[in-house]
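Comments concern the structure below.
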Amino acid sequence: MHFAPNDKPITKVVIEPKRFYLVYENLVGKEAYRLTNSLDIVLYNTELTSEAYRFECEKNSHVETLAQWQANHYAKVNQILNAQIDSCMADLTRHKDKVYAYLAKNLQS
């Protein structure tokens, strides 16, 4: 899978967490919290000292009680965050043609 032309390769991918938090949602008297996660996936290449491309992603989880989120040292939070990161990477992959076109146009040869 190529995100950039061969003469302008991506040399580093960084996942930058922006914020993640539990949002309280009162569902007919039932305590419920939804995990919201915002992150950026930043692509770098050797020609730039700054980023080559930034992909912003935000995901929301299903609802759970606060006790369910807190169980086993917040194991469910870690599980959902990892799944959300994987989902963001899949979203980026689905946009690889757009990323490739952007980088081909905007990176110097």
Exercise for the section: Tell me, please, which residues at least two apart from D86 pass side-chain contact (heavy atoms from CB on, under 4.5 Å). Expected result: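 With neighbours one apart ignored, the set is empty.
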Exercise for the section: Under the side-chain contact (heavy atoms from CB on, under 4.5 Å) rule, collect the residues that match up with T65, sequence neighbours excluded. Expected result: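 Testing T65 for side-chain contact (heavy atoms from CB on, under 4.5 Å), a comparison that skips the adjacent residues, returns E31, A67, Q68.
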Problem - Heavy-atom side-chain proximity of F55 to K98 below 4.5 angstrom - result: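 No; the side chains remain at least 4.5 Å from each other.
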Problem - Check: I10 and L103 side chains under 4.5 Å, non-hydrogen atoms - result: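 In contact.
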Problem - Contact list for residues 63-85, test salt bridge (Lys or Arg N to Asp or Glu O under 4.0 Å), sequence neighbours left out - result: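 Applying salt bridge (Lys or Arg N to Asp or Glu O under 4.0 Å) to every pair that reaches into residues 63-85, excluding sequence neighbours, yields E64-K76.
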For a quick test of your reading: what N or O donor-acceptor pairs under 3.5 Å do the side chains of residues 13-23 make, sequence neighbours left out?
| from | atom 1 | to | atom 2 | distance (Å) |
| --- | --- | --- | --- | --- |
| E16 | OE1 | R54 | NH1 | 2.8 |
| E16 | OE1 | R54 | NH2 | 3.3 |

Exercise for the section: Is it possible for you to say whether Y53 and I85 belong to one hydrophobic cluster, with membership spreading through side-chain heavy-atom contacts below 4.5 Å? Expected result: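 Yes, one cluster joins them.
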Handout entry: Path from Y100 to I41 over hydrophobic side-chain contacts below 4.5 Å
Key =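 No; tracing contacts between hydrophobic side chains, which count when under 4.5 Å, never links both residues.
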Exercise for the section: Keeping the roles fixed (side chain from S87, backbone from A83), state whether a donor-acceptor pair exists under 3.5 Å. Expected result: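 Flag not set: sc S87 to bb A83 has no pair under 3.5 Å.
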Practice task
Give a yes or no on this: more than 12 heavy atoms of other residues, nucleotides or ligands lie within 6.0 Å of atom CG of N82.
Solution key: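 Atom CG in N82 is packed in, count exceeds 12.
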Problem - Contact list for residues 55-106, test disulfide (SG to SG under 2.5 Å), sequence neighbours left out - result: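 Every disulfide (SG to SG under 2.5 Å) pair that includes a residue of residues 55-106, provided the two are not neighbours, is C57-C88.
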Practice task
With sequence neighbours excluded, give me every ring-ring contact (aromatic ring centres under 6.0 Å, His included) pair touching residues 56-78.
Solution key: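 Of all non-adjacent pairs touching residues 56-78, none passes ring-ring contact (aromatic ring centres under 6.0 Å, His included).
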Practice task
Please name all residues satisfying ring-ring contact (aromatic ring centres under 6.0 Å, His included) with Y33, sequence neighbours left out, ordered by chain then number.
Solution key: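 Expected list: Y24.
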Exercise for the section: Might you point out which heavy atoms bring S61 and I80 nearest each other, and give the distance in Å? Expected result: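 Shortest heavy-atom separation between S61 and I80 comes out as CB-CG2, 3.7 Å.
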Problem - E25 to V63 - nearest heavy-atom pair and separation - result: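 Distance-wise, the nearest heavy atoms are OE1-CG1, 3.7 Å.
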Practice task
Only counting residues at least two apart or in another chain, list the ones meeting side-chain hydrogen bond (donor to acceptor under 3.5 Å, both in side chains) with Q79.
Solution key: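 Applying side-chain hydrogen bond (donor to acceptor under 3.5 Å, both in side chains) to Q79 gives none.
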Practice task
Hey, could you give me the CG/CD distance between D40 and E58, rounded to the nearest 0.5 Å?
Solution key: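 D40 atom CG to E58 atom CD measures 11.0 Å (nearest 0.5 Å).
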Exercise for the section: State the OG1-CD distance between T36 and Q84, to the nearest 0.5 angstrom. Expected result: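 Going from OG1 on T36 over to CD on Q84, the span is 7.5 Å.
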